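Data first, discussion second: the structure below is written as C-alpha cells.
If you read the sequence from its start, that first residue is 1, and numbering goes on from there. This is a predicted model, so every value here is computed, not measured.
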Amino acid sequence: MAFLYNIFISLLIFGMKVFALINDKTKKGVEGRKQSLDKVKSAFAKTDKVIWMHAASLGEYEQGLPVLEKLKENFPQHKVLVTFFSPSGYENVAKKKHIADVICYLPFDKKNTVKEFVSQFNAELFFTVKYDYWYNLLAELKSKGTKIYVISALFYERQSFFTSYGKWFVKQLQKNVDWFFHQTQFSLALAKSVGLMKSSVTGDTRFDRVKQLRERNNHVDFIADFIGENKAVVFGSSWQAEEKIAEIVSRKNNTVKLIIAPHDLKRVEHLKSIFPDALLYSQIQNGQLLTNNAQLLIIDSIGLLSKLYSYADAAVVGGGFHDAGLHNILEAATFGVPVVFGNHYKKNPEADDLIAANGGKSFPDEYTAAEFVLFLMNEDNQEELTEMSQNAGKFVDGKPDSTQMILQKILS
C-alpha cells in the first residue's frame, strides 16, 4: 500500500503541475512550494527547536491558532513554523502580522523532499488541524522523535479509514500520531472503532478563536455610517446562491442595508453587474458615501469579514448551497448574530448544533432562505430576531475551553 500511496503522490504532483498551466490558484501553490526549503534554511538553524503547525487552508489556521499561541507562551524560546497546503490560506496569512517565524507551503509528500525539509531544524512538536494527513511527513517526523498531535480532529464515515482498503492508512496514524483531540463524541467513536485509541474529546478550538474576536477592536471605518439607523445583513464568503438571496432581499425590502463580502474578490466585477447601484468599500474610503444612499455595499478587500459581523443584525454565510463547503458560521454567531446558510454541511457538526440551539437556520435553496431573512428583518418580528440573536451568543459561550484541555494533555 505504501507503494500505491507514493504513486498517488506522484500523480497528484503531476496533475497539479498540469492544472497550474490553466489555473492561477494552483500555479501559486506549485510555484510557492519551490521556495519552502529556502525559507526554512534561511530562518532556522538545524539545532533550532521548532513548534510546527500545519493547516490545509485559512479555516484550519484559525482553528489551530489558539493552540499555537498558547504553546508559544509556554515555550517562548522555540521558533514557530506554519505550513499550508492551500494558496488561499497561505496568501491570507503571509500578508498579515502573524506569530510564525516562517510561513510557507507544505512540500509535496515525497520521501526525499520531506526528509530534506525536516532535516533543516529540530521539530520538537508538530500538529495538524482537523484532518490533513500526509503519511511520509508523519513517518519522517516520528523517526526524528517529534511529538505529533491532531487537534480538532473530525472523523466521518466516508473517510478512507473506514473502507476495505483503509487499514494501511489507519496503521500509519497508529504508529505516528501521539494523540488525537476530537471535536465530537461521534468522531472519537469512529476513531476507536478502527483502533485509534490514543484519543479524547476536547471540542472545537474554533470556539476559542471566535471568543477571542470579541476582545479585539472590531471597528471598521465607515460601516456604522453606511448602516445608519437601519438593520443590516452581512453576506459572508458569498457564492452565487448567497448573492441571489441578497438580490431578493434588496428587491423586497429597500430599508435594510446589505453588506456582501464575496469568497473570492474575482466576484466583485460580477456583483457590480448584478447590483449596479452598489457601493464598493474602496469607494467609501474615497468619500463617496456622503453623496450616495446605496442600499448595498460590496467589500472589495480581504481581512474585514469577521469584524463586519459585529455590525450585523443577521448573517448569511456562504458555501452551504453546494458542495464547496460551508464557511465559518461561528465568526457571526460569536457576536450574537443569527446565521442563515444552505443545507450542505456534512463536515460541519457545529451547524446542526447551532440550529438545535435556535441560533441559526439552514435551507435547501436560496428562495426559502431569502424569505426567512426578510422575516427576520421585518419590524413585526423583532421578538424572534432578538431570541435568535441571544441564542447564537449563548451557543458560543456554552462551549468549553478546548485549547486549555489540549494544552493540559500536551504538557503533562
Side-chain angles (χ1 to χ4, degrees), residues 51-75 80-86 89 92-93 96 98-100 103 125-133 147-156 177-188 190-191 196 198-216 305-306 309 317 325-335 339 345 347-354 357 392-412:
I51 299 168
W52 180 355
M53 178 177 84
H54 174 64
S57 193
L58 181 61
E60 288 78 17
Y61 170 80
E62 293 288 345
Q63 203 165 14
L65 190 57
V67 175
L68 185 63
E69 290 173 338
K70 289 296 183 181
L71 285 170
K72 180 63 175 176
E73 287 180 15
N74 281 273
F75 301 102
V80 173
L81 168 65
V82 174
T83 55
F84 287 95
F85 185 83
S86 163
N92 272 281
V93 177
K96 302 175 185 177
H98 51 73
I99 190 173
I103 289 183
L125 188 153
F126 170 89
F127 67 93
T128 187
V129 183
K130 203 170 183 179
Y131 42 50
D132 206 37
Y133 306 116
K147 288 290 186 180
I148 299 173
Y149 302 96
V150 181
I151 71 160
S152 291
L154 191 62
F155 283 76
Y156 54 94
V177 176
D178 290 279
W179 202 263
F180 292 87
F181 299 101
H182 291 271
Q183 292 187 38
T184 66
Q185 287 287 348
F186 184 69
S187 177
L188 174 69
L190 282 176
L196 297 174
K198 294 180 289 186
S199 302
S200 59
V201 177
T202 50
D204 188 344
T205 52
R206 281 181 300 173
F207 287 98
D208 301 336
R209 178 60 178 158
V210 296
K211 288 175 186 177
Q212 292 175 344
L213 299 182
R214 305 171 182 170
E215 301 169 5
R216 69 181 179 184
L305 179 57
S306 61
Y309 285 132
V317 175
L326 180 63
H327 293 278
N328 194 334
I329 61 175
L330 301 180
E331 289 181 340
T334 194
F335 292 107
V339 190
Y345 57 82
K347 297 179 183 179
N348 298 81
E350 73 280 1
D352 277 326
D353 293 342
L354 183 61
K394 289 177 182 177
F395 169 72
V396 175
D397 287 339
K399 296 299 180 180
D401 189 337
S402 298
T403 299
Q404 186 58 37
M405 295 167 70
I406 291 169
L407 261 291
Q408 286 177 352
K409 174 65 178 178
I410 291 176
L411 299 177
S412 63

Exercise. For Lys70, what residues pass the side-chain contact (heavy atoms from CB on, under 4.5 Å) criterion, not counting sequence neighbours?
Worked result: Glu73, Thr403, Leu407
Exercise. For Gly64 and Ile151, which heavy atoms make the closest approach, and how far apart are they?
Worked result: CA-CD1, 3.7 Å
For this session: Classify the side-chain pair Ser152/Thr205 by whether it contains a donor and acceptor separated by less than 3.5 Å.
Result: yes
Exercise. Can you find a side-chain donor-acceptor pair between Thr334 and Arg214 that sits under 3.5 Å?
Worked result: yes
For this session: Kindly indicate, with the supporting measurements, whether the criterion side chain to side chain contact (heavy atoms under 4.5 Å, CB included) is fulfilled by Glu350 and Leu330.
Result: CA-CA 8 Å; Glu350 73 280 1; Leu330 301 180; 4.1 Å; yes
Problem set entry | Output field: ring centroids Phe395/Phe207 closer than 6.0 Å | yes
Exercise. With no hydrogens and no angle check, is any side-chain donor or acceptor of Lys409 less than 3.5 Å from a backbone partner on Phe181?
Worked result: no
Problem set entry | By salt bridge (charged side-chain N to carboxylate O under 4.0 Å, His left out) - contacts of Arg209 (at least two apart) | Glu62
Problem set entry | ring pair (Phe, Tyr, Trp, His ring centres under 6.0 Å) assessment of Phe155 paired with Tyr131 | CA-CA 8 Å; Phe155 283 76; Tyr131 42 50; 8.7 Å; no
Exercise. Which residues pass the side-chain contact (heavy atoms from CB on, under 4.5 Å) test with Ala351, sequence neighbours left out?
Worked result: Leu326, Ile329, Phe341, Tyr345, Asn348
Exercise. Side chains of His182 and Ser187: is there a donor and an acceptor less than 3.5 Å apart?
Worked result: yes
Exercise. Between Arg206 and Lys211, is any pair of side-chain heavy atoms under 4.5 Å apart?
Worked result: no
Exercise. Is the closest side-chain donor-acceptor distance between Ser306 and Arg216 under 3.5 Å?
Worked result: yes
For this session: Work out which heavy atom in Asp208 is nearest to a heavy atom in Pro400; give both atom names and the distance.
Result: OD1-O, 3.5 Å
Problem set entry | Side-chain touch Val93/Val82, heavy atoms, less than 4.5 angstrom | no
Exercise. Is there a side chain to side chain contact (heavy atoms under 4.5 Å, CB included) between Phe85 and Asp132 once you walk through the steps?
Worked result: CA-CA 9 Å; Phe85 185 83; Asp132 206 37; 4.1 Å; yes
Seminar exercise, completed: Value for OG1 (Thr202) from CD (Gln408), rounded to nearest 0.5 Å, stands at 11.0 Å
For this session: State which residues pass side-chain contact (heavy atoms from CB on, under 4.5 Å) with Phe75; sequence neighbours excluded, sorted by chain then number.
Result: Ile51, Leu71, His78, Leu411
Exercise. Residues two or more places apart in sequence or in another chain: which of them pass salt bridge (charged side-chain N to carboxylate O under 4.0 Å, His left out) with Lys147?
Worked result: Asp178
Problem set entry | Flag side-chain contact, heavy atom, 4.5 Å: Ser200 against Leu188 | no
For this session: Search all heavy atoms of Tyr309 against all heavy atoms of Asn328 and return the closest pair with its distance.
Result: OH-O, 4.4 Å
Exercise. Can you check salt bridge (Lys or Arg N to Asp or Glu O under 4.0 Å) on Asp204 and Lys130, steps first, answer last?
Worked result: CA-CA 9 Å; Asp204 188 344; Lys130 203 170 183 179; over 6 Å; no
Problem set entry | Under 3.5 Å donor-acceptor, Glu60 side chain and Ser57 backbone | yes
Problem set entry | Check against side chain to side chain contact (heavy atoms under 4.5 Å, CB included), Val210 and Lys399 | CA-CA 11 Å; Val210 296; Lys399 296 299 180 180; over 6 Å; no
Exercise. Mind checking whether Phe84 and Tyr61 have ring centres under 6.0 Å apart?
Worked result: yes
Exercise. Nearest heavy-atom pair of Met405 and Val201: which atoms, and what distance?
Worked result: CE-O, 3.7 Å
Problem set entry | Backbone of Thr83 reached by a side-chain donor or acceptor of His54 within 3.5 Å | yes
For this session: Could you check Leu65 against Ile99 for side chain to side chain contact (heavy atoms under 4.5 Å, CB included), going step by step and ending with a plain yes or no?
Result: CA-CA 9 Å; Leu65 190 57; Ile99 190 173; 4.1 Å; yes
For this session: Using the test side-chain contact (heavy atoms from CB on, under 4.5 Å), find all partners of Lys198 that sit at least two apart in sequence or belong to another chain.
Result: Trp179
Exercise. Roughly how far, to the nearest 0.5 Å, is the OG1 atom of Thr128 from the CE atom of Met53?
Worked result: 9.5 Å
For this session: Measure the shortest side-chain to side-chain distance between Ser412 and Ile410 over non-hydrogen atoms and say whether it is less than 4.5 angstrom.
Result: no
